Amino acid sequence: MEKAINRQKILLQHLNPALSSSYSSEKNYNSSLSASACLAGDSAAYQRTNVFGDDVVIVAAYRTALCKSNRGGFKDTYPDDLLAPVLRALIEKTNLNPSEVGDIVVGTVLAPASQRASECRMAAFYAGFPEAVPIRTVNRQCSSGLQAVADVAAAIKAGFYDIGIGAGLESMTTNPMAWEGSVNPRVKQMEQAQNCLLPMGVTSENVAHRFGVTRQEQDEAAVGSHRKAAAATASGKFKDEIIPVATKIVDPKTGDEKPVTISVDDGIRPNTSLSDLAKLKPVFKKDGSTTAGNSSQVTDGAGAALLMKRSVAMRKGLPILGVFRTFAAVGVDPAIMGVGPAVAIPAAVKAAGLELDDVDLFEINEAFASQFVYCRKKLELDPQKINVNGGAMAIGHPLGATGARCVATLLHEMKRRGKDCRFGVISMCIGTGMGAAAVFERGDCTDELCNARIVETNNLLSKDAR
């Protein structure tokens, strides 16, 4: 009975989220609304850790088109000129005063840290942010863009500021994957440390071999990714999330510059077939199964999301695209780093008080088909819920920007699906053996008293949840 009374008190607090914490206000409030014994059990699938108005929400999320490195639409575009347009779009499309932004966090991987930090600061100025708005970078390998969003969400929850931007940037044309300097010889004394240096393609082969993922399964996943991405492009699904970028293309033979506006992903191959992929030779192992066709593409691009407290968004009259619920980063064996999502997704979903079946959409980064297929099978996920508009094998994988790209793609798709799509998950594997995942809730389907799902086994289920 005491548990039921406590639960009702929580529900009553939700009715008045702006309630002052002062003793006098609490006394007056309790005199008009008081909890009494009832059979209100645990009818919500997750328990709120803060009042309704303190939810961290995403009010806008955009990305550039993703283009093939060295030969695609952004091969002659400076990294800061990739980031600036998406930062500017967040401000222009929401009519937000840029001076209100408490911080900008940019996920980025390959560029020298101090140089990229300067480039990001420059991009913020190009985008119209005043000098008073700070910016920093974060690097957790392939999850850097998602980590940036999570960092901003955490800072807002902690009360450091009310409005922030989580972004991602990578120009793999400008900064190709390479190890700089010598390697500590001590690494030879520890297998785990040594495996941190394995080429990512070798870890893909390890996953395929250890868990029995066939070449046929991998090629089928790649074909599916291209077909779904091509269909999404043809139907205009990406138009809501892509910000056109005015740039230039330089003719490598003549040096002539041609002004262009890039607004379409250029790595998607609509006519990809199993017979075509079967002709490709393994890249990392003579008798292996990982090819250029069933791996993610090397890509240039950027993305960004605008986050704030729900109460701030409501006060400004901004539509809420999504709610940031939980984030989890986990460690796994570096030799099979691709299994990361299979560990990170359950951790993030559990932290949200949900079950895998509660999730309506998944955006799982397709670093390699081997690890993507393994994670899908390991978690027994419905293929119809995963990467419904294609993934990195078709769209591309600009390392530091992928997480931010996924946020834009997921939330816009959830918005399109409406009431039939409430929860979404983003996840990716991480080089050196990690995984990351985050849970989002569609922005217009939650209110102060709403429950996530019915808990059938609880005989104290409150009637309002049925």
Side-chain angles (χ1 to χ4, degrees), residues 17-18 21 49-63 80 83-108 113-114 116-140 143-169 243 302-327 329 400-401 403-404 407-408 411 426 436 438 440-441 443:
S21 60
T49 56
N50 49 259
V51 296
F52 179 67
D54 286 340
D55 280 342
V56 177
V57 301
I58 299 93
V59 299
Y62 301 107
R63 66 176 179 95
D80 36 320
L83 180 60
V86 291
L87 294 180
R88 185 185 305 113
L90 295 178
I91 300 304
E92 291 181 346
K93 291 181 178 293
T94 59
N95 291 316
L96 181 72
N97 184 339
S99 65
E100 294 185 72
V101 175
D103 200 4
I104 304 172
V105 181
V106 184
T108 186
S114 60
R116 180 50 47 85
S118 296
E119 290 170 332
C120 290
R121 178 70 162 160
M122 292 155 55
F125 287 139
Y126 299 153
F129 287 84
E131 63 184 25
V133 176
I135 190 167
R136 68 174 173 89
T137 61
V138 61
N139 187 345
R140 199 197 286 271
S143 71
S144 297
L146 184 61
Q147 185 69 59
V149 173
D151 282 3
V152 171
I156 293 173
K157 284 186 176 182
F160 295 165
Y161 46 80
D162 289 341
I163 302 174
I165 292 174
L169 167 66
I243 299 300
L306 178 60
L307 296 86
M308 60 184 66
K309 289 176 64 174
R310 183 192 292 275
S311 58
V312 175
M314 293 173 67
R315 186 171 68 245
K316 292 180 175 295
L318 294 173
I320 295 173
L321 193 59
V323 184
F324 186 95
R325 286 301 177 199
T326 59
F327 172 80
V407 170
L411 294 183
I426 293 170
F440 296 83
E441 185 175 8

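Everything numeric here is computed off the predicted structure, so don't read it as measured data.
- Counting all heavy atoms, side chain and backbone alike, Thr94 lies closest to Ala60 at CG2-CB, 3.9 Å.
- Taking 4.5 Å as the limit, every side-chain heavy atom of Asp54 sits out of range of all side-chain heavy atoms of Arg310.
- Taking the ring pair (Phe, Tyr, Trp, His ring centres under 6.0 Å) definition, one finds that Phe324 meets it with Phe440, sequence neighbours left out.
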Just distance, no hydrogens or angles: give the donor-acceptor pairs under 3.5 Å from side chains in residues 145-156, sequence neighbours left out.
from   : atom 1 : to     : atom 2 : distance (Å)
Gln147 : OE1    : Arg140 : NE     : 2.6
Gln147 : OE1    : Arg140 : NH2    : 3.1
Gln147 : NE2    : Asp151 : OD1    : 2.8
Asp151 : OD2    : Arg136 : NH2    : 3.3

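- Take Glu92 and apply the salt bridge (charged side-chain N to carboxylate O under 4.0 Å, His left out) test, not counting sequence neighbours, and it matches no residue.
- Scanning all heavy atoms of the two residues, the minimum distance from Ala302 to Ala401 falls at CA-CB, 3.9 Å.
- When the side-chain contact (heavy atoms from CB on, under 4.5 Å) test is applied to Asp80, the partners found at least two apart in sequence or on another chain are Tyr78, Glu119, Met122, Ala123, Tyr126.
- One distance of note links CG of Leu90 with CD1 of Ile104; it measures 9.0 Å at 0.5 Å rounding.
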Pair Leu87, Ile165 - check side-chain contact (heavy atoms from CB on, under 4.5 Å), show working.
CA-CA 8 Å; Leu87 294 180; Ile165 292 174; 3.9 Å; yes
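- Applying the salt bridge (charged side-chain N to carboxylate O under 4.0 Å, His left out) test to Lys93 and every residue at least two apart in sequence or in another chain returns nothing.
- In this structure, Leu96 and Val101 have side chains that are in contact, with non-hydrogen atoms separated by less than 4.5 Å.
- There is no side-chain donor-acceptor pair under 3.5 Å between Arg116 and Thr137.
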Could you go step by step and tell me if Asn139 and Thr108 meet the side-chain contact (heavy atoms from CB on, under 4.5 Å) rule?
CA-CA 6 Å; Asn139 187 345; Thr108 186; 5.9 Å; no
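- In this structure, Val407 and Ile426 have side chains that are in contact, with non-hydrogen atoms separated by less than 4.5 Å.
- Partners of Phe125 according to the side-chain contact (heavy atoms from CB on, under 4.5 Å) rule, which considers only residues two or more places apart in sequence or in another chain, are Arg121, Glu131.
- Between Ile163 and Glu100 the shortest heavy-atom distance is CB-O, 3.7 Å.
- With sequence neighbours excluded, the residues forming a side-chain contact (heavy atoms from CB on, under 4.5 Å) with Asp162 are Lys309, Val312, listed by chain and number.
- Looking at heavy atoms from C-beta onward, Leu83 lies in side-chain contact with Cys120 at the 4.5 angstrom threshold.
- Nearest approach of Gly322 to Leu411, heavy atoms of both residues: CA-CD2, 4.2 Å.
- A 4.5 Å side-chain heavy-atom check between Val138 and Val106 finds every atom pair outside the cut-off.
- Scanning for side-chain contact (heavy atoms from CB on, under 4.5 Å) contacts around Pro130 gives Pro98, Ser99, Val133, with sequence neighbours left out.
- Nearest heavy atom pair, residue Ala404 against residue Ala304, reads CB-N, 4.1 Å.
- Ala61 approaches Ile58 most closely through the heavy-atom pair CB-CG2, 4.3 Å.
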